[in-house]
Amino acid sequence: MNETATQGIGQQVGQRGGQRLDQRVGQRIARALGDPNLRRALKKATDSFRGGRKAALPAFDEWEAMRRQAAALRAHTIKHLDYYLEQLVARVRENGGHVHFAATDAQAVEIVRNIARAYNVRRVAKSKSMVSEEIGLNAALEADGVEVVETDLGEYIIQLAHETPSHIVGPALHKNREEIAALFEQVEGRPLSSDTPTLTAFAREKLREAFLTADMGITGCNFAVAETGQITLVTNEGNGRMVTALPRVQVTLMGMERIVPRLEDLDLLLTLLTRSATGQKSTSYVTVTTGLKGPGEKDGPEAFHLVIVDNQRSELVGSDFEEALNCIRCGACLNICPVYRHIGGHAYGSVYSGPIGVVLTPLLKGVDEWGELAQASSLCGACDEVCPVKIPLHDLIVGIREQVVERKRAHWLERFAFRAFGWTMANANRYRSAQRLGRWLGVPFVKEGRLNVSLPPLTAWTKHRTLPPVARESFRDVWRRELSDEADPRADFSAMPADDEALHSGETQPGGEDLSTEDARADGERLSAKDRQSKDREEKGESA
Amino acid sequence: MSRSDERWPDFGGETQDAFIARIRRRLGASPSAAQRAEGYPGSRQWPADIEEQFTAAAKAEAFLQAWTDLGGVTRVAHSMDDVEAHVLSLLQEYRVKNVLSSGSAIGACGRAAREAGVSITSWDEIDFEFGSPDRAISRVNQWDAGITWVDYAVAETGSVAILSRPGQGRSVSLLPPLFIALIDGEKLLYARRTLFERVSQEGRKQGSPLSVTLISGPSRSADIEMDLSIGVHGPGHVAAVLLSRRHP
C-alpha cells in the first residue's frame, strides 16, 4: 500500500461539521447573490434535477395516488414511532447488531467516538449522512486522531474544501470543475486536467484505497425496516455498498424518524425518493442490510452499531410541525424553490437548506436563533406541490414565522409598524387620513415619476425595485366624486343586473354608467360591439 | 436497564427506556397492537396480480429495454451452452484477462477459461481478508470483471438483485470495472414491489437474508458540474445475460 498517498486524504480535511457561522442570514444571502458562478451552477443543477424529475413522473393521477399513499404511510409510522422503533431495535439485536440512543447531537458524537476507540479505529470511510453533518461528527473524530474520509464524490470534494453540503442530493453543486481540480491537485501534489473523466478517475483511485484500508465504515440511513432490522442505503456511485462491504465495523447514524414498518414498504418510498430527487426509476444501487456478514461470508462487517438520534426530533412529534418528520430527503423542494435557486444551500447556514431546511433548522436548533430563516421563502407553495410525501411546507413555514412573532423575536420597529398598521386599518377615518398622509410623505421621494425610498429599513425593499408614487387622487376619492350625483358610493353590486341584455340595453341602471374607469368603459364598449354582432347575426338568421 | 446494549460496554448516550418514553409522552395514548395493525395504510402501488399481467416474454422485453436505457449491455441465451458462449464473447469484447466469479458462476466461465485462457478466480478460493489491505489492494486491482448469477431481476426498474450468502461475495459485483449479471429467466419479475414481497415471505420462513443489493446500471455520479460520469466507485460497465429457456 502506498502509505504517503493515502495520508494526504485525511490531512486535507479540517474542521467542517462544527463550522462557525459568523454571518447573519442577510449577509450570507448577499454574498450568494453577488457570486455569478454560484448562481450559474445553481441554475444548471436545479434545472437538471427538476427536468429529470418531471420527465420521470408517471401520469398525474397515478403520481398523486402514490403521494397520498406515501403521506399516509409516513404519518402512520410517526404516529406509532415508539412501537416501530422498539420493533426495529429488537430485530437489530436479534440479528447480532448493537443499538445506541442519542438524545442530543453531543451524545451521538460521543457514542461514535467511543465505538471508534473500542475498535481501535484509525481510518473511517464514510458514505453520505446528513445526520453526521447535523451533529458535526467529522471534526470530533479527527480531534481523536481518527482520519475520516468522505467517499461520496460530492462530499469528498467539499470535505477537501472544508465546506458543508449546499444541497441534500448534490452536496458540491456549487463547485466548478476548475475549483475541484485545484482541490484534487493539493492532494495529488501535481497538476490535474479538469475534465470529468480525469477528476473521476483520480477520486476513484484515492477513495478505493480508503475503502480497502478503513477500519470502520460510517453510513447514514435512508430507511430502516422495523420488521427485519435492516437499514437501506440509496447511492449511485456505489460508495454505500463499499462502506457496508469492506470495513470490519459498520456504524449507521439514523434520524429516529427514518423508519418503515415492512420491507415491501420500501418500494413505494424508493420510487418517490429517486424520481423526486434525480428523476431515476431507481438509483444505481439500493442496499438493504443488517450491517453484518453471515457465517461463511468473506466480506461484510463483523460488527454493526446503529445509533438512533433524536436531537430535538421528538419535540416535533405531536406538534403542529409533526409532518416535517415525514421528509424523505429527496431535495425536490430545494430544486423548485425560487429562493433556494438564487441563493443556494450555504446561505441558509444549516445542513438542511431550502424549504424543508427553513422548517427543520429552527425546530432542531432553536427558533430564537434560526427563526429568521422562515423569511427565506416567498410562500409560493411550489414546495408543497412537489413534495412526494405531501408535507404542507408552506403552512409549516408560516407556522415558524408565527412562532417568531409570538416569541417577540421580530425587531421592535417591525412590531411597532405592524401594530400601527393594525390600528390604522381598524377604522375608516384613520385609514382615510393615513392615505392622505402617505401621499404627502411620499412626495420628497419621487424621482423621475417613481417612488424611491432610500431610508432604512425600506431600502431593502426599494434597492432592486421602484414603486409608482401614491396617486394624487385615491380610488375612494374618484369613487365619491363620480358617484356623488348619481348614487350612494356604498352601492350594492349584488343589486346590479347580471345579464348582458340589461347592462347594454341602454337603460340607465343604478350605478350602471358609473363604472367610469377607462378599462370598464372599454369593456362595456367591447361587450356592446359583441352584442351588436350577435344581434346582426340574429337578423340575418344565422345561429349565434 | 443499562444504556444502549447490555452485552457491550457503556458507549454513552441515553437508555432505550428514556428515549422511547420521551416519544411516548409526545404521542399521548398508546394504542393496542390491533389498533396499530388496523391503522397500517399499506404501500401498494401496483395491483396484487401485477406479475400475472405480464407474460414472461413481456417481462424479458421490458427488462432488456430498461437495462439498455441505463447504459447496460444485454445478451439473451437459450441454454447453458449459450450462456457460456455469451460470457466468452463479453469477456473478449472487454479484453478481460482476470475474472472474479462467485461460486455459482464458475461453470458459466468454463469456455472463457478453456478457449480464451482467461484466468478465473472463484470467490470461494479467496484466501485473504479485506482487513489486510496490503494484499487486498493489489489483488482487487487485478480483476477486470466480476460475474455472478443473480437471485432476481426486476423489469420495471431494470435491476438485478443479489441476496448475500456464503460463496456469493458482495464485492464480486462491486470491485471490478465490469460486472456481468447472469439472470435465470424464471427469476425475472415485473415489479420491484414483488421482489421485496418475495424476499419478505422467504425471510419469514427461513430468516431474512442479511443483505439485499439491487443494481440498476453502472456506477454513476453527476457531482462534477452535473456532468454524468460512470464507474466512480462501482463498475462502469454492466452486462446482463438473460437465460430464457421457454421463449426462444
Side-chain angles (χ1 to χ4, degrees), chain A residues 1 44-45 48 66 69 72-73 76 80-83 98-103 107 110-111 114-115 153-154 172 176-177 180 196 199-200 204 212-213 228 236-239 241-242 245-246 248 263-268 281-282 284 286-290 292 294 296-300 314 317-318, chain B residues 4-5 8-9 11-16 19-20 22-24 26-28 36 39-41 43 45 126 130-131 133-134 136-137 140 157 159 164-166 169-171 174 192-193 196-197 199-200 203 208 210-221 223-227 229 232-234:
Chain A
M1 184 188 88
K44 187 174 175 183
S48 168
M66 285 163 66
Q69 191 69 47
L73 180 68
H76 166 82
H80 304 286
L81 192 58
D82 55 337
Y83 171 76
H98 310 285
V99 187
H100 311 273
F101 301 90
Q107 283 186 3
E110 192 56 26
I111 291 166
N114 285 333
I115 296 170
L153 179 54
N176 65 36
R177 60 180 65 253
I180 295 167
T196 307
L199 296 174
T200 306
R204 179 181 169 100
L212 287 165
T213 57
T228 64
N236 274 314
E237 297 176 6
N239 58 320
R241 291 187 64 196
M242 293 276 187
L246 300 176
R248 64 199 162 94
L263 188 64
E264 50 263 43
D265 294 331
L266 284 177
D267 181 54
L268 175 65
K281 284 183 183 170
S282 171
S284 297
V286 175
T287 309
V288 186
T289 178
T290 58
L292 288 162
E297 274 199 89
K298 288 181 179 168
D299 52 359
S314 55
V317 175
Chain B
S4 63
D5 196 320
W8 276 76
F11 285 95
E14 196 178 26
T15 65
Q16 176 175 345
F19 193 94
I20 300 288
R22 193 169 46 248
I23 296 169
R24 240 169 230 154
R26 303 284 320 185
L27 284 170
R36 276 201 179 91
Y40 170 71
S43 58
Q45 52 163 321
I126 300 279
F130 285 100
D134 294 16
I137 289 180
V140 164
T157 53
S159 314
S164 66
R165 61 173 163 278
R170 301 176 192 201
S171 304
L174 180 62
R192 183 172 57 191
R193 164 94 188 183
F196 286 127
E197 283 172 353
V199 171
S200 201
S208 301
L210 297 183
S211 127
V212 182
T213 303
L214 281 91
I215 301 169
S216 316
S219 158
R220 61 177 66 219
S221 174
D223 277 339
I224 299 170
E225 290 192 355
M226 302 306 287
D227 191 10
S229 53
V232 187
H233 296 310

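Convention: sequence-line order gives letters A, B, ...; per-chain numbering from 1. Any value given below was found using the heavy atoms of this structure, including those in side chains, with hydrogens, waters and symmetry copies removed.
Here Ala103(A) is the residue among Gly318(A), Ala103(A), Gly238(A) with the most heavy-atom pairs under 4.5 Å with chain B. Heavy-atom pairs under 4.5 Å with chain A peak, among Ile215(B), Val199(B), Thr157(B), at Ile215(B). Looking only at heavy-atom pairs under 4.5 Å with chain B, the residue among Asp265(A), Thr228(A), Thr289(A) that has the most is Asp265(A). Ranking Leu199(A), Thr196(A), Leu292(A), Thr287(A) against chain B, the residue ahead of the rest is Thr196(A), based on heavy-atom pairs under 4.5 Å.
Leu153(A) contributes atom CG, which lies 6.5 Å from atom OG of Ser229(B) (distance to the nearest 0.5 angstrom). The line from CD of Glu14(B) to CZ of Phe101(A) is 9.0 Å long, rounded to the nearest 0.5 Å. To the nearest 0.5 angstrom, Thr200(A) atom OG1 is 4.0 Å from Ile224(B) atom CD1.
For Tyr40(B), the parts lying under 4.5 angstrom from a heavy atom of chain A are both the backbone and the side chain. Contact annotation for Met66(A): only side-chain heavy atoms (C-beta onward) come within less than 4.5 Å of a heavy atom of chain B. Only the side chain of Ile180(A) comes within less than 4.5 Å of a heavy atom of chain B; its backbone N, CA, C and O stay farther away.
The shortest distance between side-chain heavy atoms of Ser211(B) and Thr290(A) does not fall below 4.5 Å. The side-chain heavy atoms of Thr213(B) and Val286(A), taken from C-beta on, include no pair separated by under 4.5 Å. Residues Asp227(B) and Arg177(A) form a side-chain contact, since some pair of their non-hydrogen atoms from C-beta on lies under 4.5 Å apart.
A distance-only check finds a donor-acceptor pair linking the side chain of Arg26(B) to the backbone of Val317(A) [under 3.5 Å]. A donor-acceptor pair under 3.5 Å is absent between the side-chain atoms of Lys298(A) and the main chain of Gly169(B), judged by distance alone. Side chain of Arg204(A) to main chain of Gly234(B): a donor-acceptor pair is present (N/O by atom type, distance under 3.5 Å, no hydrogens or angles). For the pair Gln69(A) (side chain) and Pro41(B) (backbone), a donor-acceptor distance under 3.5 Å is present. Lys44(A) contributes no side-chain N or O that, together with a main-chain N or O of Met226(B), makes up a donor-acceptor pair within less than 3.5 Å. Distance alone, capped at 3.5 Å, is enough to place a donor-acceptor pair between the Arg241(A) side chain and the Arg170(B) backbone.
The two residues Gly154(A) and Asp223(B) come nearest to each other via the heavy atoms N-OD2, 2.7 Å. Nearest heavy atom pair, residue Ala245(A) against residue Leu174(B), reads CB-CD2, 4.5 Å. Contact record, Leu246(A) with Ser171(B): CD2-OG, 3.7 Å, taken as the closest heavy-atom pair. Closest approach of Ser314(A) and Arg22(B) over heavy atoms only: OG-NE, 3.3 Å. In terms of heavy-atom proximity, Ser284(A) sits nearest to Gly217(B) at CB-O, 4.4 Å.
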Margin query: As a quick check of understanding, evaluate side chain to side chain contact (heavy atoms under 4.5 Å, CB included) for Glu297(A) and Ser164(B), giving each step before the final call.
Written below: CA-CA 8 Å; Glu297(A) 274 199 89; Ser164(B) 66; 3.4 Å; yes
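With 3.5 Å as the limit, one finds a donor-acceptor pair spanning the side chains of Gln45(B) and Asp267(A). One side chain, Ser200(B) or Glu264(A), offers a donor N or O that lies under 3.5 Å from an acceptor on the other.
Relative orientation of the Phe11(B) and His100(A) rings is perpendicular, given thresholds of 30° and 60° on the angle between their planes.
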